[in-house]
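Only one structure is covered here, and it is reproduced in the block below.
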Amino acid sequence: FRFPEEIDMNLSYKLNKIKYDKINFDRVNGSLSLSKQVLAIQPTRLSTLGGEMSIEGEVKHKGSNQLQYHFDMATKESEFKSAFESVSLIQKIAPVFKHMFGEFNTQTSIDGDLDVDFAPVLSSISAQGVIETLNARIKDFKWLKRLNSIFGEGTVENFHFNRTKNWFSIENGMVFLDPTTMEIGNETWAIEGSHQIEGGINYLFSGPISVGQLKNSKIGRDLWFSVDQTVQKFGGPKIPEDAKINIDIELTGTATNPSVKIRPLDNLENQIRGIVDDKKEAKKEELTEQFEKEKKELERRAEETKKDVKKDITREIKSLADSGKTTSRVDSLKREAEKKTKEVKKKFKKWNPFGN
């Protein structure tokens with residue numbers, strides 16, 4: 001297919017309904033132009049995926065037999081369920097949408113090639129964008145259920161993303177997710193990583209978890225043993241099971257059969273010793289100040305106090321997790337994605353797709 005060289009035209013349109021593949025576009029209002037074999041889509045508003053969309057961009061020739069496109073798109077109050085069921089591209093680049101419920105807003109800049117059926121060529125996609133979740137939650141995601149052994153049954157099935165903004169990039173068949181936050185139980189966790197559009201995953205969850213949860217879970221038990229042995233090594237008191245530590249949980253392999261493991265902590269002994277020493281020093285200062293203020297009463301009750309006083313030191317072990325190692329190829333793609341994302345962020349600051 002080639003755009004005719006001799007045609008130069010402008011077209012404004014208002015359409016009640018358009019169907020493209022499985023997607024229904026309603027109340028389409030916009031304009032386009034064709035000049036010098038470049039089809040330019042002017043800002044166009046429409047309803048789809050349960051919400052509103054604004055799109056603009058162009059389609060032009062790439063060589064003799066291919067077309068390439070560039071679009072800036074924004075959606076408002078779209079539905080995860082509708083997006084996944086209607087858009088085959090989303091099924092490829094964001095399979096997690098199948099298990100997400102709620103609504104979202106987006107702004108995306110996307111480039112790539114079209115095949116003979118005018119469908120995007122997956123390997124050619126370069127995209128940078130942001131997804132804003134609106135009370136979104138994840139349910140029934142089988143491979144995340146592997147984490148239930150740590151957090152407890154039912155927790156993982158109800159991950160919540162409360163109005164978060166999540167930047168993502170796509171380069172050469174890989175999807176990169178910038179660090180973003182989610183709610184697991186009553187705690188805030190961070191998630192970041194990448195996956196191949198047709199291949200493996202590599203994601204990292206980071207956040208606090210209790211010593212008791214580690215102790216009672218199969219995949220967390222080794223880390224709990226490490227913490228317990230380190231405390232015993234320098235004679236520290238037993239760590240209470242409700243004490244929280246920060247850990248990293250790594251998901252690799254494939255989405256259907258992931259490998260789940262807790263990443264090792266660095267300098268564990270130094271961390272524990274430092275925290276214990278800090279707590280002891282703080283306790284000493286607190287007792288000294290109290291002694292000065294209540295010296296007479298303390299003297300009167302000295303013998304009784306010697307018998308009854310107990311040491312109570314609360315611990316919170318902070319981990320320095322290995323940030324993870326990727327191949328030089330993935331690192332290169334990620335740097336390219338970050339560079340393009342920085343440029344797109346500047347553009348989006350000036351863009352008002354749903355303005356009057």
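Predicted, not measured: the structure shown is a model, and the values here were computed from it.
- A 4.5 Å side-chain heavy-atom check between Asp72 and Lys347 finds at least one atom pair inside the cut-off.
- For Thr106, the side-chain contact (heavy atoms from CB on, under 4.5 Å) criterion is met by Thr75, Phe104, Thr108, Ile131, not counting sequence neighbours.
- Minimum heavy-atom separation, Thr188 to Pro208: O-CD, 3.7 Å.
- The hydrophobic clustering, which links ILVMFWY residues whose side-chain heavy atoms are closer than 4.5 Å, places Phe168 and Phe348 apart.
- There is a side-chain donor-acceptor pair under 3.5 Å between Lys340 and Ser126.
- Looking at Asp113, its side chain never comes within 3.5 Å of a backbone N or O of Gln68 through a donor-acceptor pair.
- Leu32 places a side-chain heavy atom less than 4.5 Å from the side chain of Met9.
- Taken together through direct or relayed side-chain contacts under 4.5 Å among Ile, Leu, Val, Met, Phe, Trp and Tyr, Phe97 and Val130 form parts of separate hydrophobic clusters.
- Ser33 places a side-chain heavy atom less than 4.5 Å from the side chain of Gln42.
- When side chains are defined from C-beta on, Pro95 counts as touching His195, because their heavy atoms get closer than 4.5 Å.
- Across Ser194 and Tyr203, no two heavy atoms sit closer than the pair O-CE1, 3.2 Å.
- Put simply, CD1 on Ile170 and CD1 on Ile125 are 5.5 Å apart, with the number rounded to the nearest 0.5 Å.
- Here Glu132 pairs with Arg163 under the salt bridge (Lys or Arg N to Asp or Glu O under 4.0 Å) rule; sequence neighbours left out.
- With a 4.5 Å cut-off on side-chain heavy atoms, Ser88 and Lys22 do not count as touching.
- Here the closest non-hydrogen pair linking Ser54 and Arg45 is CB-CD, 4.0 Å.
- Judged as a ring pair (Phe, Tyr, Trp, His ring centres under 6.0 Å), and not counting sequence neighbours, His70 has no contacts.
- From Arg27, atom CZ reaches atom CG of Leu15 across 12.5 Å, with rounding to the nearest 0.5 Å.
- At least one donor-acceptor pair under 3.5 Å links the side chain of Ser124 to the backbone N or O of Val121.
- Between the side chain of Thr180 and the main chain of Asn166, no donor-acceptor pair closer than 3.5 Å is present.
- Shortest non-hydrogen contact noted between Glu171 and Phe176 is CB-CE1, 4.5 Å.
- Of all the heavy atoms in Leu39 and Phe3, the pair that sits closest is CB-CZ, 3.7 Å.
- Proximity of a side-chain donor or acceptor of Asp117 to a complementary backbone N or O of Ala119 within less than 3.5 Å is not detected.
- Transitive grouping of hydrophobic side chains (ILVMFWY, heavy atoms separated by less than 4.5 Å) brings Val28 and Val87 into a common cluster.
- Side chains of Glu5 and Gln37 form a contact here, defined as non-hydrogen atoms less than 4.5 Å apart.
- For Thr164 against Thr181, the heavy-atom pair with the smallest separation is CG2-O, 3.5 Å.
- Applying the side-chain hydrogen bond (donor to acceptor under 3.5 Å, both in side chains) rule to Lys17 yields the partners Asp26; only residues at least two apart in sequence or on another chain are considered.
- Side-chain contact between Glu192 and Asp178 is absent, with no heavy-atom pair separated by less than 4.5 Å.
- For Lys98, the NZ atom sits in a loose shell: 12 or fewer heavy atoms of surrounding residues, nucleotides or ligands are nearer than 6.0 Å.
- Trp167 and Leu177 are members of different hydrophobic clusters when ILVMFWY side chains are connected at heavy-atom separations under 4.5 Å.
- Among residues two or more places apart in sequence or in another chain, the side-chain contact (heavy atoms from CB on, under 4.5 Å) test is passed with Phe101 by Arg137, Lys139.
- The local environment of NZ in Lys19 is crowded, with over 12 non-hydrogen atoms from other residues, nucleotides or ligands closer than 6.0 Å.
- Atom NZ of Lys92 is surrounded by 12 or fewer heavy atoms from other residues, nucleotides or ligands within 6.0 Å.
- Under the 4.5 Å side-chain criterion, counting only non-hydrogen atoms from C-beta, Val59 is in contact with Phe71.
- Annotation: salt bridge (Lys or Arg N to Asp or Glu O under 4.0 Å) contacts of Glu52 (sequence neighbours excluded): none.
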